[in-house]
Each structure stands twice: as structure tokens, then as C-alpha cells.
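Contents: one structure, followed by commentary.
Lettering of chains follows the sequences in order, A, B, ..., and the numbering in each one begins at 1.
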Amino acid sequence: MDKLYISSPANFSFSECTWYLDRGYDDCGHRVRNGRLLKALRVGGKDLLVEIGEGVGGLDVTMLHGRADERTRELLAAYVREWLDMDRDLTPFYTLLQRDKRLAYMCEEYKGLRLVGIVDVFEALAWSIIGQQINLPFAFMLKRRLVEKYGTSIIYNGEVFYLFPSCEVLAAASVEDLRLMQFSRSKAAYLIRLAEAFAKGELSREKLMALPDRESRLQALMKMKGIGVWTANYCLMKSLRDPSGIPHGDTGLMTALTKHKIIKERTELSKIDRFFSRYKGWESYLVFYFWRSLSEKPERAIGPAPEAGGRINSHFPGARP
DNA sequence: CGCCAGGAGTGGA
DNA sequence: TCCACTCATGGC
């Protein structure tokens with residue numbers, strides 16, 4: 001069995017990361033079971049299924065599917081470090097949090113939580129378009145339908161693991177196809193156009209990173225129909241790893257700011273700016289920790305593991321009158 | 001039934 | 001530049 005080991009940095013908590021990934025939504029992009037994280041992913045043109053578990057002083061990564069040469073192993077290690085943001089020193093962030101009585105609790109409560117990212121830029125943008133203005137359970141359901149119809153899959157022990165669809169495949173989909181899955185007409189059009197842009201190479205991680213600064217990256221992203229301020233910043237913080245992305249207009253963020261008594265009304269934009277100005281260089285992390293704060297840490301229901309096969313038969317709506 | 005969800009585009013003042 | 005309106009549907 002192909003295995004590799006990734007040593008953990010200080011202030012890294014695998015369990016905090018997996019808790020976030022398994023915080024109660026039906027995310028088809030990965031699975032958490034018995035403290036281990038399973039994910040199908042693509043590196044260097046190869047589809048792999050990996051299991052990540054906690055070892056002594058680091059993470060044990062096991063390849064359940066796919067054989068890895070030396071280069072693939074390197075790319076896989078880099079993927080995991082990137083996904084869980086393991087190459088970052090959180091000390092300055094925690095120092096800033098400690099200064100605010102309202103937020104200091106986060107240092108203990110979420111200690112070691114990393115900004116769990118979306119490594120693939122196309123996936124990050126597609127996901128954020130899907131999630132615009134709808135509640136998260138519905139957004140995850142839409143994503144699952146899209147992935148199960150257009151994504152490739154790996155079967156392991158009778159269980160299906162999906163990879164997010166490629167831009168080429170999604171570019172060939174039609175608005176009508178997506179409408180049947182309950183995407184709005186405009187969202188369907190945005191997604192397909194985005195897929196075309198990536199398929200043609202008009203947009204890519206390389207092109208975005210080649211731009212001089214984050215302002216120009218925001219502008220480049222927002223030229224796409226369906227990508228506004230929120231989506232562009234979401235992409236910056238979750239995929240391009242910009243430390244200062246603030247998804248302005250995010251309702252979850254507003255809720256968290258209100259709960260923490262940082263603002264009273266959602267219209268106090270200048271107050272929000274002033275607040276974030278104390279966290280220069282850590283805005284993305286602060287937003288992520290705020291999102292984390294919106295999910296309570298429940299006594300997880302201890303039940304039987306999901307039956308083998310997973311949820312491969314999502315409910316599709318019937319034709320509407 | 002009404003309002004809100006980890007928004008964005010459009011059209012009119 | 002700044003509204004109001006529209007899109008879609010699930011959850012509460």
C-alpha cells in the first residue's frame with residue numbers, strides 16, 4: 001500500500017479541520033469516518049483516492065486507489081499541505097485574537113483549525129456560484145447532483161467517491177440540463193460560461209497568480225458574469241490563499257459579527273471596515289473562524305456508519321407543472 | 001404565509 | 001452612484 005507521511009506544524013489540529021469538513025452538511029467532496037478523512041482528488045493528471053489519518057506528529061496519507069510514482073507522491077503531499085493550509089504560522093493571528101475579549105475564546109476553542117481550502121480554482125468558483133443566495137443544505141444538494149451527473153468517480157470497496165467535474169465536461173452541459181437539477185437559469189448559464197472560460201484557458205490559476213496584486217485578480221474575476229465581490233473574494237481566500245480576502249456581503253459573516261456584538265445592524269459597513277483593519281493580513285482567517293463559530297459543536301450522534309455505497313441516488317425533483 | 005439563505009445582474013432615477 | 005426588482009428553492 002502506498003503511504004506517505006506529512007509532519008504537522010505547530011498549532012495544527014487535524015481534528016478541528018475534519019470537524020469543519022464534517023460539520024453537518026452533505027458535502028460530496030470528501031468523507032470523514034472514524035477520525036479519518038477520505039477524498040478522491042486529481043494530481044498530475046492522476047485520479048487518486050486517499051485516506052488521511054492522524055499519526056505521531058503528523059498525518060498518515062494512504063493511497064487507497066491509484067499508484068503513485070515519486071512525482072505523484074510529491075504532488076499529493078503538496079496537495080494535502082495546501083488543502084489544510086499546513087504551511088502557515090498561526091501565531092500572529094492568535095496574538096491578534098487575544099487582544100479582543102470577544103474573540104479570544106477562539107484561540108482555545110478552535111485551536112489549530114486551518115483555513116480549509118478548495119485547491120482547484122475552477123471548483124472553488126463553481127461552488128461559490130452554486131452557493132450564492134441559497135441556504136447551505138440546498139447548495140450542497142445542488143453540488144451533489146452536479147457532481148454525480150458530470151463528475152468522474154472511483155469505486156472502493158463498493159463505495160463511490162466522486163471527483164468534481166472537469167471544466168471541459170461542464171462546458172458541454174446545457175442550461176436545460178442544469179435546470180432539471182433545480183439550478184436557476186442564470187446560475188446555470190454562469191456555470192457553463194465559467195467552465196468554457198477555464199476550458200479555453202481564458203481563466204486559470206496560473207493566469208490569476210500572474211497578475212500583480214489582489215486588486216487586479218479581483219477585477220479579472222469580476223469580469224465574468226456571475227462573479228461579484230462576494231464570489232471573487234471567496235475564491236481569493238479559499239483557493240488562491242490570499243490572506244486578506246473579505247467576502248463582503250456574506251450573510252454568514254454578518255450573522256457572526258452581530259452575534260459577537262461587533263455590529264448591531266448589518267448596514268454598519270464602515271464599522272466592519274474599521275474592525276477588520278485590526279486584522280491586516282489575517283482577514284481571510286478571521287472570516288473563516290467566524291464561519292466556524294456559526295456551527296455549534298454538538299455531541300455528534302453516535303450511529304452506525306453509513307451503508308456502503310454512499311448516497312448515490314440523490315433525489316431529483318419531478319417535472320413541475 | 002413570509003422571510004431569510006455563505007449574491008448578482010439589470011434597468012431606471 | 002444608488003435603489004428596486006428579479007431569479008430559484010428549501011428551511012423555518
With the side chain defined as heavy atoms from C-beta on, A/Q132 is closest, among B/dG7, C/dA8, B/dA5, to B/dG7

May I ask you to check if A/R292 and A/Y20 form a cation-pi contact, with NZ or CZ under 6.0 angstrom from the six-membered ring centre and within 45° of the axis? no

What nucleotide among C/dT9, B/dA8, C/dG10 has an atom nearest to a side-chain atom of A/M141? C/dG10

Would you say A/D273 and A/S270 are linked by a side-chain donor-acceptor pair, where the criterion is simply a distance under 3.5 Å? no

Nearest listed nucleotide, side chain of A/Q182, among B/dA8, C/dA8, C/dG10: C/dG10

Using a 4.5 Å cut-off on heavy atoms from C-beta on, say whether the side chain of A/I6 contacts that of A/I52. no

Rounding to an integer number of Å, can you tell me how far A/F138 CZ sits from B/dG7 P? 14 Å

Could you check whether A/S244 and A/E283, counting side-chain N and O atoms only, form a donor-acceptor pair closer than 3.5 Å? yes

Over how many whole Å does the gap from A/I129 atom CD1 to B/dG7 atom P extend? 13 Å

What interatomic distance, in whole Å, is found between C1' of C/dC2 and the corresponding atom of B/dA5? 24 Å

Nearest-angstrom distance, P atom, B/dA8 to C/dG11: 23 Å

Plane angle bin for A/Y105 and A/Y110 - parallel if under 30°, tilted between 30 and 60°, otherwise perpendicular: perpendicular

Within residues 252-288 of chain A, the residues having a heavy atom closer than 4.0 Å to DNA chain B are A/G252, A/R266

Nearest-nucleotide check on DNA chain C, A/P137 vs A/F183; residue mapping nearer the 5' end is A/F183

Between protein and nucleic acid, restricted to nucleotides 9-11 of chain B and to nitrogen or oxygen atoms under 3.5 Å apart, what atom pairs and distances do you find?
| from | atom 1 | to | atom 2 | distance (Å) |
| --- | --- | --- | --- | --- |
| B/dG9 | OP1 | A/G226 | N | 2.8 |
| B/dT10 | OP1 | A/K225 | NZ | 3.0 |
| B/dT10 | OP2 | A/K225 | NZ | 3.3 |

Using a distance-only criterion (donor-acceptor N/O pair, under 3.5 Å, no hydrogens), is the base of C/dG10 paired with the side chain of A/N135? yes

Could you state the CD-C1' distance from A/Q133 to B/dA8, rounded to the nearest angstrom? 9 Å

Tell me the interatomic distance from A/L178, atom CG, to C/dC7, atom P, rounded to whole angstroms. 19 Å

I need the CH2-P distance between A/W291 and B/dA5, as an integer number of Å. 14 Å

Rounded to whole Å, please give me the gap between CG in A/L136 and C1' in C/dT9. 14 Å

What integer distance in Å separates A/L191:CG from B/dA8:P? 13 Å

Quick one: are A/L103 and A/Y289 in side-chain contact, heavy atoms under 4.5 Å? no

For A/F275 and A/Y279, take the angle between the two ring planes, folded into 0 to 90°, and tell me which bin it lands in: parallel under 30, tilted 30 to 60, perpendicular over 60. tilted

Which nucleotide wins on minimum distance to the side chain of A/T251, given the candidates B/dA5, B/dA8, C/dC7? B/dA5

Looking just at side-chain N and O atoms, do A/T255 and A/R266 make a donor-acceptor pair shorter than 3.5 Å? yes

Classify the nucleic acid contact of A/S128 as base, sugar-phosphate or nothing, counting any heavy atom under 4.0 Å across all strands shown. nothing

For the residue pair A/F198 and A/F122, does the interplanar ring angle fall in the parallel (under 30°), tilted (30 to 60°) or perpendicular (over 60°) class? tilted

Quick one about A/W127 and A/Y234 (side-chain donor to acceptor, distance below 3.5 Å, no hydrogens or angles considered), yes or no? yes

Rounded to the Å, how far apart are A/R145 CZ and C/dG10 C1'? 11 Å

